[in-house]
Amino acid sequence: MFVFDWRVGASCLVAAVISVGAMFAMMGGKNAKLMMEYQTAQDVMSKAGTEYVRGIPVVKVFQQTVYSFKAFKAAIEDYSNKAEKYTGGVCCVPQSVNLTATEGVFIFLVPAVLLIAPSAFSGGDFAGFITNFAFYAVFSAIVSTALARIMFAASGLMLAKTALARIDTVMNAPTLEITDNPQSPKNNGVEFKDVTFTYDGADVPALEHVSFKVLPGQTVALVGPSGGGKTTAASLIPRFWDVSSGEVFVGDVNVKDINPHVLMDKVAFVFQNTRLFKTSILENVRAARPDASREEVLSALHAAQCDDIIEKLPNGIDTLIGSEGTYLSGGEQQRVSLARAILKNAPIIVLDEATAFADPENEALIQKALKTLTEGRTVIMIAHRLSTVVGADNIIVLDNGHIVEEGRHNVLASGKGLYARMWNEYNQAVRWKIVSVKEGS
Ligand code: ADP
Ligand code: MG
């Protein structure tokens, strides 16, 4: 830039200096924090959006209103506020200056060229002057492209940094503490003793002083309003989290004193949002017990009522899921994951709203599969549809992290508590549907 004429070369740099200054004004100092908040808000919004779309079947089935998605609305509003604050308040002026400077680099050439033009004429080297000028005219265009690239690179770098920070939080997550002196569970019972659990970063505990006992072979249902702590309680059994205080026992041994592999063999779980791996059905089911034979996998699939799924797939149980249009519906995925749990053949089963996303036809099949899975085992089940918990040996009603009621269906339903209210509402919802069908026909 400085070889042909340093003055013109320097004038090309003016734009670069302005541009760097503007970028710093947008992304540096205290605005870096604003930009971070803006990106986080965007992230939260897209997560809430996914949850919203996944939840549509539940809203339809249980006649809930859009108020169930307050979180999504709040996330959109928060994003909108942050976006306006950041783009309007912080970026508007610097970005305008930046674009004007980078797109109009040649403007800075004019005064420099006018300054040296007289000397070029007086020196008589007019041809040389034109060549130099042509060089800088072309070069100024390159400068603006280069500056635009630098800007993209800078924002790319920022995105990469946030992505890396997220990977770091996963990689730095503390590993499960393993006991030096493991003990074997003595039976297939489960017990919570004065359990309190608070999620990292949460202000209030998700469970507080919760105690209950599930005898070997019993079926115990956890019910209650959304957010009551049912899923949290279920996840404490296989140690997805460790209690903040109190104790969880499996077979009369604190879960922390059981070798995690032994615990995993003892407990099978089917959770709300089942995920299948992008591999064959065979491998998906076998994930529960890698040494299982092909025949064992087939009979587990049969017990889980998956025969119709396998029949319609081009390569049967060797069909890759998630490729070439072979996707399974939510209810079908549930059945495959039930086959996984059946193959595992664990004595304790934890079920979280296993039928919540199923259509009626799938639900009937899932109920059959569940019957096979739960027979003769200890079962802790969470259910939206109260009809499925009527036969339970014990029903525990969780509200706001506390047990508010406990007992068998007949006793609770004839009482005046939360369960009786839920039972009435549930029956009304069912009746409402039948009446409306009659009127329609
Ligand atoms: P339920 O299954 O009864 O609907 P959950 O056990 O999922 O209830 O949630 C209990 C409480 O814990 C809720 O207030 C919920 O917002 C909170 N919670 C659930 N999962 C998490 C999590 N991973 N991080 C922070 N808070 C959570
Ligand atoms: Mg739940």
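The chain is numbered in sequence order, starting from 1. Whatever order the structure lists them in is the order used to number ligands and atoms, beginning at 1.
With a 6.0 Å cutoff to the six-membered ring centre and a 45° limit on the axis angle, Lys47 does not count as a cation-pi contact of Phe72.
Here is the list of ligand 1 atoms found below 4.0 Å of a heavy atom in Ala206: 11 (C), 12 (O). Short contacts between ligand 1 and Thr232, defined as distances under 4.0 Å to a heavy atom of the residue, involve ligand atoms 5 (P), 6 (O), 9 (O), 10 (C).
Inclusion of Trp241 in the set of residues having an N or O under 3.5 Å from an N or O of ligand 1 is not warranted. The distance criterion of under 3.5 Å between nitrogen or oxygen atoms is met by Gly227 with respect to ligand 1.
Judged purely by distance below 3.5 Å, without hydrogens or angles, the side chains of Tyr38 and Thr87 never pair a donor atom with an acceptor atom. With hydrogens and angles left out, the side-chain atoms of Asn181 and Asp257 include no donor and acceptor closer than 3.5 Å. With hydrogens and angles left out, the side-chain atoms of Thr231 and Asp352 include a donor and acceptor closer than 3.5 Å.
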For this session: Kindly indicate, with the supporting measurements, whether the criterion salt bridge (charged side-chain N to carboxylate O under 4.0 Å, His left out) is fulfilled by Lys312 and Glu332.
Result: CA-CA 12 Å; Lys312 74 175 186 198; Glu332 290 169 338; 2.6 Å; yes

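The shell of residues lying under 4.0 angstrom from ligand 1, judged by heavy atoms, includes Ser226.
At a threshold of 2.8 Å, the Mg ion (ligand 2) has no backbone or side-chain N, O or S atom of Thr232 nearer than that distance.
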